[in-house]
There are 2 protein chains.
Amino acid sequence: MQGKEPNTLLQDFIEKCQVHNLKVTPQRVAIYRELFDSTEHPTVDAMFQVVKKKFPNISYDTVSRTMLTFAEIGMVDLVEVYGGAKRFDPNVSNHHHLHCVSCGKIFDFHSDHYNNLEIPDDVRRAFTVLTSRVVLKGICEKCSNPGKISP
Amino acid sequence: MQGKEPNTLLQDFIEKCQVHNLKVTPQRVAIYRELFDSTEHPTVDAMFQVVKKKFPNISYDTVSRTMLTFAEIGMVDLVEVYGGAKRFDPNVSNHHHLHCVSCGKIFDFHSDHYNNLEIPDDVRRAFTVLTSRVVLKGICEKCSNPGKISP
DNA sequence: TGACAAATAAGAATAATTCTTATTTAAGAA
DNA sequence: TTCTTAAATAAGAATTATTCTTATTTGTCA
Ligand SMILES: [Mn+2]
Ligand SMILES: [Mn+2]
Ligand SMILES: [Zn+2]
Ligand SMILES: [Zn+2]
């Protein structure tokens, strides 16, 4: 996810908790670690399954609450879906998404042009715009070439 | 929603059903009518509540199935949400969305510029892109000025 | 009109999330 | 270090959203 050393990352996490008056619990640390190892856009259940391996008696509710708490303080994003379970994004920097309509995966991509789209005047007058993202739908490589052996 | 006469609309609907081998049932007609009266982005439940008034013993399941069927044949879109119930869009023409993070409403807006965004080369190489939409998050007028009397 | 696949209603089942309550614990104060 | 307390957690119940199952009804077409 990022190039920092684990200890620095943990220190960042602890500071972010302190800033927001959140206790640094072992559950939160465990969830934090797994979240930022992930380059996917995990659901609560996906994270629960992974975290449970290292923290066997954590509850689903704790994972769910924690991920929502992390979203509230801007540590992760809640991403757009078309129904079903919520999905989270550990990458909160400006980027865009392609949803594969075949396998349901969400792929990140980057574009300076998309990052700097002008907000139309009529929208700017009527709304306070906070974020902007381009969302594409399409078919990913793997779904286009199901038989192909990856190189 | 659109300027056509009701009978023409109904005729269009009947033809679309025939093309897709769907029976023209009174339930489908009732749901169709309410959907295309709506400028919102209704959930299944919202539609169920409305349709039930004119069709008291329609079942929730029928409304749900029908709206998904309509989405499959491209008569409505399933729109992006951040969790919770699915939401549908009777406007399938090219447009963009602003999600009010305060009240949760989804507002349509139009922009030729946004309609014609270039797909980045690396994305184009790796994916077959089908649709593109700009999704903004922000605060709507009503949520910004809660006290203001509308003119 | 009659045959029949498709569609429906009703309720059960499942999935996703949130709530309730008793218990534990992190963090600051003494 | 020990004490205090509000915050966090686990467990399971409850709620919300959706889908499935089954018996019955109904468009459509011959
Ligand atoms: Mn992402
Ligand atoms: Mn719309
Ligand atoms: Zn795919
Ligand atoms: Zn609003």
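Below, all heavy atoms of this structure are taken into account, side chains as well, without hydrogens, waters or symmetry copies. Throughout, a chain's letter reflects where its sequence line sits, starting with A, and its residues are numbered from 1. Because the structure is a prediction, the values reported are computed rather than measured.
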- Item | Below 4.0 Å: OP1/OP2 of C/dT18 and any side-chain N or O of A/Lys86 | yes
- Message: Quick check: on DNA chain C, is the nucleotide nearest B/Gly83 upstream (toward 5') of the one nearest B/Thr66, or the reverse? Name the residue that is more 5'.
- Response: B/Thr66
- Answer yes or no: does a side-chain N or O of B/Tyr60 lie under 4.0 Å from OP1 or OP2 of D/dT18? yes
- Item | Test log, rule side chain to side chain donor-acceptor pair (under 3.5 Å), inputs A/Asp108 and A/His41 | CA-CA 10 Å; A/Asp108 291 342; A/His41 297 87; 2.9 Å; yes
- Query: D/dC29 P sits how many Å from B/Leu22 CG, rounded?
  - Reply: 12 Å
- Counting only side-chain N and O atoms of A/Gln27, is one of them less than 4.0 Å from OP1 or OP2 of C/dA26? no
- Whole-Å distance separating the CD atom of B/Glu72 from the P atom of C/dA6: 14 Å
- Task: Just call it for A/Leu68: base, sugar-phosphate, or nothing, with non-hydrogen atoms closer than 4.0 Å on any strand.
- Result: sugar-phosphate
- Query: Looking just at side-chain N and O atoms, do B/His110 and B/Asn94 make a donor-acceptor pair shorter than 3.5 Å?
  - Reply: no
- Counting side-chain heavy atoms from CB outward, which of D/dT26, D/dA10, C/dT8 is closest to B/Thr25? C/dT8
- Short side-chain N/O contact from B/Ser64 to OP1 or OP2 of D/dT19, under 4.0 Å: yes
- Note on the structure: Rounded to whole Å, the CZ-P distance (A/Arg28 to D/dA10) equals 11 Å
- Task: For B/Phe55 and C/dT8, give me the distance from atom CZ to atom P, rounded to whole Å.
- Result: 9 Å
- Query: Does A/Leu117 offer a backbone N or O that forms a donor-acceptor pair with the side chain of B/Tyr114 under 3.5 Å?
  - Reply: no
- Item | Member of A/Leu68, A/Val79, A/Asp77 meeting the side-chain contact (heavy atoms from CB on, under 4.5 Å) criterion with A/Phe88 | A/Leu68
- How long is the line joining CD1 of B/Ile31 and P of C/dT8, in whole Å? 7 Å
- Name the nucleic acid region contacted by B/Asp61, choosing base, sugar-phosphate or nothing; use a 4.0 angstrom heavy-atom cut-off, strictly under. base
- Note on the structure: Taken to the nearest whole Å, OH/B/Tyr82 to P/C/dA16 is 20 Å
- Specify the separation, in whole Å, of atom NE2 of B/His20 and atom P of D/dT28. 16 Å
- Cation-pi, B/Tyr82 ring and B/Lys137 (6.0 angstrom, 45 degrees): yes
- Note on the structure: DNA chain D nearest-nucleotide lookup for B/Val44 and B/Pro26: closer to the 5′ end is B/Val44
- Query: Reckon B/Arg65 has a side-chain N or O less than 4.0 Å from the OP1 or OP2 of D/dT19?
  - Reply: no
- Message: Let me spell it out: for each of A/Val63 and B/Thr43, pick the nucleotide of DNA chain D with the closest heavy atom. Which residue's pick is nearer the 5' end?
- Response: A/Val63
- Query: Atom CD1 of B/Ile58 and atom P of C/dG11: how far apart are they, to the nearest Å?
  - Reply: 16 Å
